[in-house]
Colleague: 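Shown below is the structure under consideration.
Naming convention: chains lettered A, B, ... in sequence-line order (proteins, then strands); numbering from 1 in each chain.
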Amino acid sequence: MGNLAMNAKHEIKPGTSSTLKLWIFALLAAFMVGGYFIIERLFTGLSATNLSSITPWGAWIAFYIFFVGLSAGSFLLSTLIYVFGMEEYERIGKAALFTAIVCMIVALTFVLMDLGRPERLLNAIIYWNVTSPLAWEVHFYLVYIVLLTAELYIAMREDLVRAAKKNSMKGIVARLITFKNSTINAATKKRDHTLMKVLGTLGIPIAILGVHGGTGTIFALVKARPGWNTALFPIIFVISAMVSGTALLLAMYIIKKKAAKQPIDKEMVQSLSKMMAGFLIIDLGLQFYEYLVGWYGLETEHLDTLATMMASDVSWSFWGVQMFFGAFIPLIIVFWKKTNQNINALLAAAVLIVIGIIGVRFNIVVPPLVVPVFHELPWGQYFPSVKEWMVSIGVVAMGLLIYTFGEMILPIEDISDEVNEHAK
Amino acid sequence: MALFSNNENKPKDYEKMLDHILPDPKTELDDSPYSTGLGMNMARDARKVINGKMKIDEFHKVYSSSLTKEFGNSYAGGETENKKKGDGPKWVMVIDLRKCVGCDTCTVSCKAENRTPPGISYNVVMESLEGDFPNIKAVNLPRPCMQCDKPACAQVCPTRATYKMENGIVAVDHDRCIGCRYCIVACPYGARSYDFGDSYEQEMIGYNDVTSPEYGKERGPREKGKTPIGTVRKCSFCFHRLQRGEEPACVETCIGDARFFGDINDPNSTVSKLASSPRAFRLKEELGTQPSVIYLR
C-alpha cells in the first residue's frame, strides 16, 4: 500500500500499445463478419447448419461444452488460490475469475445460437422441468455467473479502491462500482479474504457438480446413446475442464506478458504446466477405461460409436487433434528436459492442449449422434457448414472483445505488492 | 342490400339471410310444452360453451336443477361424475409384423395426413434382410412414435413442452418448445424430428397453404419462422383424427390390416386381446420406456 507508482508500472495502458490496437481491430473485424452470419442465422433458423434430425447437435453444442469446460476449469484454478491458499498462482487469480465469466457468456451465446427458437430461451426457467438435466444446467449457469461476478468483485475491490483515485478510464469505472465502500484496512482485508474463501468454497460444488459435472450429466443420462451413458462421463468432463482451464490461463498469461513486454514468472509457468500435464494424464487414464469398457461390452451401437470416432474418415479429429497434438506432443514438451525450460515451448503445449480439448468436445458430441438408433435407419452425415464456423468465429470474437475491454476498464491485471511479495 | 355495398356480401348480410330462412326460436319454443325462457337461456349458454367462454361442467351445474324441475325423471344429468382421472381411454397400437408387407402406405398416408415437410416422417418402415441366401427372410418393422409410458423425451425436455397426456399420447406443445432438440437425442426410437422449415412448395404448388391441425390446433398456412417451424415434431397417433372419432391415418390405410388401434383400458378391445398374445413384444424393452406400440412377431 501507499505504493501506487509500483502498481501502475504493471498496467497495460490502453491505447499506448500498437499490438493491442491491432488485436482489437482484428477482433472487431472477426466480430463484424461473424455478426453478419449470426444475424442471418437468427432469421433463417437452423437450416444454416448441416444438422439433421439424425445428428441434431453439432459444432455449436461442442463449442458450448468446450467453453463451459474452460470456465469451470479456470474457476477451479482460482479456487486453488483463494480457497486452498496456493498463493504462488495469485498473479492469475483475477484473470482466472474473469475468464470464467467471459467463457460462460460465450457458452450461453452458443446455446442461444443452437436453439431452434432462441426467443423462447426463458421458457427453460419459467417452465422448469425438474427431471431435465438441461433445465437444471440453465439454472446452475445463472447462479454460477452471479457467484463468479461477486467473487471477482471482491477480489478486485482493493484494486478498485486504489484505481478510483486515478483519472483514467479505469478510475471512472472504479468510482462507479466501488460505491461508498472505499476503505482498505486490516478489517476489510480480513473480511474480503473470508468472503473469497466462502464464495470459493460454495463455488467448488457448484462448478464441479453443477456446472461442469452437470453438463456431462446432460449427456450421461441419455440412455438411448450408449457412448454417453456411463457414470464416468461427468467425471471425465470435470477433469478435461481442469485440463483446458489450466492450459488456457497458462497460454493467456504468457501471451499477454509477451505482448506487453513484461517479465514472465517462469517458475509459476513451469509449475502450472506440470499441473496441466497432471490433469491431462488423469483425463487420458479415465478415457482409456471409458473406451475399454465400452469396447469390451461388444454392444453393436457402442462399437459403432467407437468406430466412428477412431476408425472412420473423420478419425483424424480423434487421433490427430485429440490424441497426437492435444495430448502426446504437449506431454512430451512438458516432461522433456530440453523443452520444459523454454517458455515458448510451454506456450505451444498449452495452446495445443486447448485446441486438443476442442477435438475432445467434438468427439463427445458428434460420433454418438452419427450412429442411428436402429440399424435400418440412415447414418448421420455431419461436418459443420461454413456458416456454422463463421457464427462460431463471431461468438468467440465477441468473447475475446468482452475480455479485452474488460481488462481495459477493470483492474484485472493489477497486482498488489502483497502478491509480489508472495511470489518472491 | 344497400346501394353502396360494393356488391360484396358481408357476414352480417348472410346472417340476415339466415334469419329469413330459420324459424323464429321463440315461436317454436312457445309451441312446445316446455319452458321457453329456459330453452332460450340454454341455447345462449350452449353457444358460450362452444366458443370456450364457459366450461361444460359449469353449464351442467347452472341448469341441472331447472332441468330436473322441467323434465323430472327423464332428465339424465351431466357427465360431471364420471370424469375421474384414468377413466378415459388409453390409446395403444398393435402392429402385426406377419401381416406387414412393407408397402410403406402408412408412411405415405401419414405424410399426407400430417402434411409433414421434407425430411420429416412421423412413421417409417424399417426394412431388413435376415439370414443368408437361400435361407433368407425380410423383416418390415413399421415405426411410428412409441408413445412410451415412461417417455425419455418428456423426461429430458427442459420446458415440459413435451409431456404424456392422460390418453397415453406423448404430446408436443409447439408453442412452448424452444427447439433445443434434447428430446431427439434422448429418444431411443428416432421418432422425433426437428422442423428446419423446409417445404415441398417447389414440387407441389399450394403445399404451404394447408397444414394439419396437429393436437387439434389449426395454425393456418405454413410460413417462414412460424410455429411449428423451429420446434420438434413427432407422431401424435393422429390426435386430431381421434378427436373426431377416427383412427390414425396409418391404421386406416394399412393395406394388409396389419395395424390395430384401440383402448387398452377396455379389456374387451381388440388391442387388449392382441396385447396379451404370446407373439406380442415391444421395441427396446430393456430401456424401461414401456412403449404403447405393441408388435406381434
Colleague: So, for A:Ala224 and B:Ala186, which heavy atoms are closest and what is the spacing to 0.1 Å?
Modeller: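 That would be CB-O, 3.3 Å.
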
Colleague: Which value, rounded to the nearest 0.5 Å, describes the distance between B:Cys187 atom SG and A:Lys223 atom NZ?
Modeller: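 The SG atom of B:Cys187 sits 12.5 Å away from the NZ atom of A:Lys223.
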
Colleague: Which one, A:Ile218, A:Ile126, A:Leu377, leads in non-hydrogen pairs under 4.5 Å with chain B?
Modeller: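 Ranked by contacts with chain B, first place is A:Ile218.
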
Colleague: As an exercise: rank B:Pro188, B:Gly288, B:Gly197 by heavy-atom pairs under 4.5 Å with chain A and give me the winner.
Modeller: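 Greatest number of close heavy-atom pairs with chain A: B:Pro188.
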
Colleague: Just by distance, do the side chain of B:Thr159 and the backbone of A:Tyr127 share a donor-acceptor pair under 3.5 Å?
Modeller: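 No.
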
Colleague: Is B:Ile205 atom CD1 crowded by more than 12 heavy atoms from other residues, nucleotides or ligands, each under 6.0 Å away?
Modeller: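 Count not over threshold, so no.
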
Colleague: At a 4.5 Å cut-off on heavy atoms, which part of B:Thr227 comes close to chain A: side chain, backbone, both, or neither?
Modeller: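 Both parts, heavy atoms under 4.5 Å.
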
Colleague: Under a 4.5 Å heavy-atom cutoff, which of B:Ile120, B:Ile184, B:Leu141, B:Asp195 has the most pairs with chain A?
Modeller: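 That would be B:Ile184.
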
Colleague: Tell me, side chain or backbone of B:Ala154 under 4.5 Å from chain A's heavy atoms, or both, or neither?
Modeller: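 Just the backbone, heavy atoms under 4.5 Å.
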
Colleague: Is any side-chain heavy atom of A:Asn129 less than 4.5 Å from a side-chain heavy atom of B:Tyr163?
Modeller: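 Sidechains of B:Tyr163 and A:Asn129: no contact.
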
Colleague: Has A:Trp379 got more than 12 heavy atoms of other residues, nucleotides or ligands less than 6.0 Å from its CH2?
Modeller: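 Yes, the 6.0 Å shell around CH2 holds more than 12 heavy atoms from other groups.
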
Colleague: Does B:Gln202 have more than 12 heavy atoms from other residues, nucleotides or ligands lying within 6.0 Å of its CD?
Modeller: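 For B:Gln202, atom CD is not crowded (no more than 12 foreign heavy atoms under 6.0 Å).
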
Colleague: For chain A, which of B:Arg192, B:Glu127, B:Lys284, B:Lys224 has the most heavy-atom pairs under 4.5 Å?
Modeller: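 Maximum pair count with chain A is reached by B:Lys284.
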
Colleague: With only heavy atoms counted, which part of B:Val232 is less than 4.5 Å from chain A, the side chain, the backbone, both or neither?
Modeller: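 Interface part for B:Val232: neither.
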
Colleague: Could you have a look at A:Leu121, A:Leu51, A:Val111 and say which one has the most heavy-atom pairs with chain B under 4.5 angstrom?
Modeller: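 Option with the top pair count is A:Leu51.
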
Colleague: Heavy-atom count check: over 12 atoms from other residues, nucleotides or ligands less than 6.0 Å from B:Lys164 NZ?
Modeller: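 Yes, because the 6.0 Å sphere around NZ of B:Lys164 holds more than 12 heavy atoms from other groups.
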
Colleague: Can B:Arg143 be said to sit on top of A:Phe374's aromatic six-ring, NZ or CZ under 6.0 Å from centre and within 45° of the ring axis?
Modeller: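 Pair B:Arg143/A:Phe374 does not count as cation-pi.
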
Colleague: Among A:Ser47, A:Ala135, A:Ser53, which residue forms the greatest number of heavy-atom pairs with chain B at distances under 4.5 Å?
Modeller: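 Heavy-atom pairs under 4.5 Å are most numerous for A:Ser53.
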
Colleague: Count the heavy atoms of every other residue, nucleotide or ligand shown that sit under 6.0 Å from CG of B:Asp209, and state whether that count exceeds 12.
Modeller: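 More than 12 heavy atoms, drawn from other residues, nucleotides or ligands, come within 6.0 Å of this atom.
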
Colleague: Tell me if the OH atom of A:Tyr36 is crowded by more than 12 foreign heavy atoms within 6.0 Å.
Modeller: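 12 or below, so no.
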
Colleague: Measure A:Trp136 against the heavy atoms of chain B and call it side chain, backbone, both or neither at under 4.5 Å.
Modeller: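 Contact with chain B: none, neither part.
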
Colleague: Tell me whether B:Glu285 at atom CD has more than 12 heavy atoms from other residues, nucleotides or ligands lying less than 6.0 Å away.
Modeller: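 Yes, the 6.0 Å shell around CD holds more than 12 heavy atoms from other groups.
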
Colleague: Against chain B, label A:Val222 side chain, backbone, both or neither, depending on which of its atoms sit under 4.5 Å from a heavy atom there.
Modeller: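 Looking at A:Val222, just its side chain touches chain B.
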
Colleague: Which bit of A:Ile54 comes within less than 4.5 Å of chain B, counting heavy atoms only: side chain, backbone, both or neither?
Modeller: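 Neither the backbone nor the side chain of A:Ile54 comes within 4.5 Å of chain B.
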
Colleague: Would you say B:Val185 and A:Leu369 make side-chain contact, with heavy atoms under 4.5 Å?
Modeller: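 Yes - at least one pair of side-chain heavy atoms lies under 4.5 Å apart.
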
Colleague: With a 4.5 angstrom heavy-atom cut-off, is it the side chain or the backbone of A:Thr55 that approaches chain B, or both, or neither?
Modeller: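 For A:Thr55, no heavy atom lies under 4.5 Å from chain B.
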
Colleague: Please state whether the side chain, the backbone, both or neither of B:Leu283 comes within less than 4.5 Å of a heavy atom of chain A.
Modeller: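 Interface part for B:Leu283: side chain.
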
Colleague: So which of B:Cys177, B:Ala152, B:Gly119, B:Ala161 has the largest heavy-atom pair count under 4.5 angstrom toward chain A?
Modeller: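 Top count of heavy-atom pairs under 4.5 Å with chain A: B:Cys177.
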
Colleague: Any chance you could measure B:Leu129, atom CG, to A:Glu376, atom CD, to the nearest 0.5 Å?
Modeller: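 Here the interatomic distance stands at 10.0 Å.
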
Colleague: Please flag which part of B:Tyr189 lies under 4.5 Å from any non-hydrogen atom of chain A: side chain, backbone, both or neither.
Modeller: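 Both parts, backbone and side chain.
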
Colleague: Test side-chain contact (heavy atoms from CB on, under 4.5 Å) on B:Arg181 and A:Leu46 and set out the steps.
Modeller: CA-CA 11 Å; B:Arg181 312 185 296 293; A:Leu46 290 182; 3.1 Å; yes

Colleague: Hydrogens and angles aside, do A:Arg120 and B:Thr231 bring a side-chain donor and acceptor to less than 3.5 Å of each other?
Modeller: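 A:Arg120 vs B:Thr231: no donor-acceptor pair found between side chains.
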
Colleague: State the OH-CD1 distance between B:Tyr182 and A:Ile61, to the nearest 0.5 angstrom.
Modeller: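 The CD1 atom of A:Ile61 is 10.5 Å from OH of B:Tyr182, to the nearest 0.5 Å.
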
Colleague: When only pairs under 4.5 Å are counted, which of B:Val124, B:Asp198, B:Thr289, B:Val156 shares the most heavy-atom pairs with chain A?
Modeller: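 Heavy-atom pairs under 4.5 Å are most numerous for B:Val156.
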
Colleague: What distance separates B:Asp173 CG from A:Asn123 CG, expressed to the nearest 0.5 Å?
Modeller: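 Taking CG in B:Asp173 and CG in A:Asn123, the distance rounds to 9.0 Å.
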
Colleague: Hey, does A:Val138 have a side-chain heavy atom less than 4.5 Å from the side chain of B:Pro158?
Modeller: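 Side-chain contact under 4.5 Å: no.
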
Colleague: Counting only non-hydrogen atoms closer than 4.5 Å, does A:Leu122 touch chain B with its backbone (N, CA, C, O), its side chain (CB onward), both, or neither?
Modeller: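 Contact with chain B is absent: no heavy atom of A:Leu122 under 4.5 Å.
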
